[in-house]
Amino acid sequence: MPDTSEPEFDAIIVGAGINGLSLLHRLRDELDLSVRVFEAGADLGGTWFFNRYPGARLDSESFTYGYLFSEEIFRGWDWPERYASQTDVERYLHYAAELLDLRRSIDFNAKVASAAYLAEENLWAVILASGQAVRCRYLITALGTESVPYLPEGLVGLETFEGVWHHTASWPQEPVDFTGKRVAVMGTGSSGVQVITEVAKSAAQLTVLQRSPNYCAPLRNSVLSAEEQAELDDRRLAIADLCNRSYVGFAYEWDSRSGLDLTAEQRREVYEQLWQRPGFAKWHAGFSEVYSDAAINEEYGAFVREKIRERVSDPVVAERLTPTYAFSTRRVPMDSGYYEVYNQDNVELIDIKATPIDRFVPAGAIIDGRLHEFDIIVFATGFDAFTGAFNKIDITGLDGLKLTEHWGDGPRTLLGIAVHKFPNFLMLTGPHNKGVFCNVPICGEQNIRWVTDLLSHLRESGYSYLEATAEAEQEWGEHVIELYEKTMLARSGTESYFTGVNVPGKKVTAYGYFGSLPQYAARCDEVAEAAYKEHFVVR
């Protein structure tokens with residue numbers, strides 16, 4: 001008779017993005033576990049597979065965005081630019097996957113529909129959208145924090161639009177040609193800033209539908225020479241150490257001085273120096289008080305607003321592009337000529353909060369009673385971040401408890417990795433995890449090492465059951481909120497996707513861990529040093 005039993009693995013990983021691939025390598029090749037990865041996309045890459053819109057690129061330094069644990073990978077790969085394009089990041093992940101022979105353990109076009117914990121068997125029953133059923137001891141998600149595109153509600157008549165429209169986070173595999181087209185882009189966050197800058201180069205007419213302006217700062221990208229690459233190769237461990245000591249996993253640290261101890265003139269000099277540096281240094285290498293002190297925050301915010309106004313010729317347009325919320329309370333987009341776009345004759349800016357879209361029509365959209373004709377509409381409207389991807393999977397723990405029910409009044413986790421009443425269920429970057437607000441592969445590697453050590457400990461100790469206690473989960477949630485309430489994000493009341501406010505009906509709360517990466521790592525180490533037993537039920 002044919003074998004009709006369901007395949008069973010030590011671990012199933014959901015997601016083959018940059019962190020899922022690394023975890024596969026650790027569990028399969030270092031712990032010798034039987035592991036299967038299920039990836040919804042047609043190929044590996046996660047975020048870098050789906051977000052292939054024009055202009056998509058890193059705003060983390062390329063040499064920090066990868067597998068710093070491997071000298072072979074680090075030395076074997078040369079990044080062409082300081083901030084790599086989507087194409088180069090995707091090529092890098094393919095390179096690493098081939099070098100580590102990862103593809104043989106991955107199923108593509110394999111979307112996980114549901115997962116239920118079977119208490120009597122101490123296994124997870126996983127069902128794919130195709131109907132395929134598999135089982136595993138440990139279910140581990142590598143879903144990413146921004147993997148569920150969000151399309152705003154109230155787009156009346158969009159179904160009647162006779163042109164084509166795309167969301168930046170689910171971009172088609174085939175290139176989209178904007179040459180000579182009438183294009184609208186809704187959204188001016190990180191993705192919007194990148195795509196707007198590129199589309200403006202070739203579109204006959206570009207209409208930017210801005211919902212709210214943001215603080216953008218120059219990326220200052222550059223080619224990495226062979227000499228620079230060789231120097232980076234020799235500094236791999238030092239780079240990794242610097243990233244792991246920093247607040248959010250980047251290759252720089254806060255100014256060692258307190259801005260409060262300097263004069264206004266001295267602080268201004270620091271701001272000007274920061275402004276000339278590439279990348280997120282302008283966000284994360286100044287005074288740490290930008291996150292906690294209202295006066296320093298406003299002073300630096302005013303400095304950035306001044307820089308914005310200097311880059312836009314029309315003062316009326318400049319004011320529309322200038323934010324008023326507290327700096328750093330939303331993600332700061334890095335741009336490559338974004339504001340200068342609005343000095344072009346083929347670009348129009350419409351503030352759709354001041355003049356909302358009446359409705360979409362076959363030819364485009366009616367805004368303030370006027371027809372705007374479009375051939376292509378691009379929605380750069382962000383994500384149902386942090387919990388959205390979990391909500392897309394029907395996850396059931398003990399006593400029939402759904403994860404969506406457990407998180408009904410906001411996320412509840414231990415370390416952003418484990419959940420009470422969901423045994424043997426682990427998340428690489430769940431809500432309340434540092435990886436939610438961090439340089440993804442750096443914080444991801446911290447979590448991957450921790451999960452790998454945890455599973456190794458369970459095996460060596462003869463355990464096969466792991467469940468976060470209710471008390472530990474409660475304590476962690478209180479710690480997360482306590483840190484959040486000390487930030488300008490909480491104190492300013494900014495409407496930010498960091499709190500889920502961008503998705504109607506979503507609980508408005510802290511979804512990230514707003515302490516430093518070293519602070520988070522130390523808390524993880526405390527749990528491990530107690531042999532996990534003070535925070536988990538293990539048997």
Side-chain angles (χ1 to χ4, degrees), residues 141 143-148 150 189-190 212 214 246-249 283-284 288-294 297 325-332 382-391 403-420 422 427-440 443-444 446-447 468 470-524 526-527 535:
T141 61
L143 295 170
T145 60
E146 300 172 352
S147 52
V148 176
Y150 173 67
S190 295
S212 56
N214 286 295
S246 72
Y247 178 57
V248 282
W283 187 9
H284 293 301
S288 62
E289 290 96 345
V290 75
Y291 272 102
S292 58
D293 183 84
N297 181 283
Y325 62 88
F327 181 83
S328 82
T329 54
R330 292 180 182 169
R331 194 179 192 279
V332 180
F383 303 87
D384 181 356
F386 317 128
T387 56
F390 292 95
N391 295 338
L403 186 62
T404 51
E405 297 173 17
H406 191 59
W407 288 355
D409 197 36
R412 298 160 62 184
T413 78
L414 171 58
L415 303 175
I417 293 177
V419 184
H420 176 57
F422 290 80
M427 307 171 291
L428 288 187
T429 51
H432 290 177
N433 185 288
K434 186 57 188 172
V436 169
F437 182 47
C438 192
N439 186 3
V440 170
C443 282
Q446 145 69 32
N447 297 334
E471 295 77 14
E473 185 180 73
Q474 177 71 18
E475 179 186 358
W476 183 251
E478 291 171 354
H479 172 62
V480 167
I481 296 300
E482 179 184 7
L483 291 174
Y484 161 70
E485 289 178 344
K486 294 177 180 178
T487 67
M488 286 300 301
L489 174 59
R491 292 163 54 196
S492 69
T494 299
E495 293 187 350
S496 171
Y497 91 115
F498 288 135
T499 63
V501 73
N502 64 309
V503 179
K506 190 170 184 174
K507 174 70 175 180
V508 178
T509 186
Y511 285 85
Y513 182 86
F514 292 97
S516 69
L517 174 55
Q519 186 177 3
Y520 175 78
R523 295 294 291 247
C524 290
E526 288 174 9
V527 175
H535 300 80

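Residues: numbered from 1 along the sequence shown.
Looking at residues two or more places apart in sequence or on another chain, you find a side-chain contact (heavy atoms from CB on, under 4.5 Å) between Glu405 and Leu401, Lys402. Tyr497 pairs by the ring-ring contact (aromatic ring centres under 6.0 Å, His included) definition with Phe386, not counting sequence neighbours. With sequence neighbours excluded, no residue forms a side-chain hydrogen bond (donor to acceptor under 3.5 Å, both in side chains) with Glu475. In this structure, the side-chain contact (heavy atoms from CB on, under 4.5 Å) partners of Val440, at least two apart in sequence or on a different chain, are Ile18, Asn19, Tyr65. Residues satisfying the side-chain contact (heavy atoms from CB on, under 4.5 Å) criterion with Ser246, sequence neighbours excluded, are absent altogether. When the side-chain hydrogen bond (donor to acceptor under 3.5 Å, both in side chains) test is applied to Tyr484, no partner is found at least two apart in sequence or on another chain. Every residue meeting the side-chain hydrogen bond (donor to acceptor under 3.5 Å, both in side chains) condition with Thr494, not counting sequence neighbours, appears here in chain and number order: Thr329, Ser492. Residues satisfying the side-chain hydrogen bond (donor to acceptor under 3.5 Å, both in side chains) criterion with Ser328, sequence neighbours excluded, are absent altogether. By the side-chain contact (heavy atoms from CB on, under 4.5 Å) test, Ala470 pairs with His420, sequence neighbours left out. Asp384 meets the salt bridge (Lys or Arg N to Asp or Glu O under 4.0 Å) test with Lys506; sequence neighbours excluded. A search for ring-ring contact (aromatic ring centres under 6.0 Å, His included) contacts involving Tyr513 returns Trp476, His479, Tyr520, not counting sequence neighbours.
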Return all side-chain donor-acceptor pairs below 3.5 angstrom for residues 409-419, not counting sequence neighbours, or 'none' if the list is empty.
from   : atom 1 : to     : atom 2 : distance (Å)
Asp409 : OD1    : Lys507 : NZ     : 3.3
Thr413 : OG1    : Gly416 : N      : 2.9
Thr413 : OG1    : Pro431 : O      : 3.4

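With no hydrogens or angles considered, no side-chain donor-acceptor pair links Arg330 and Ser496 at under 3.5 Å.
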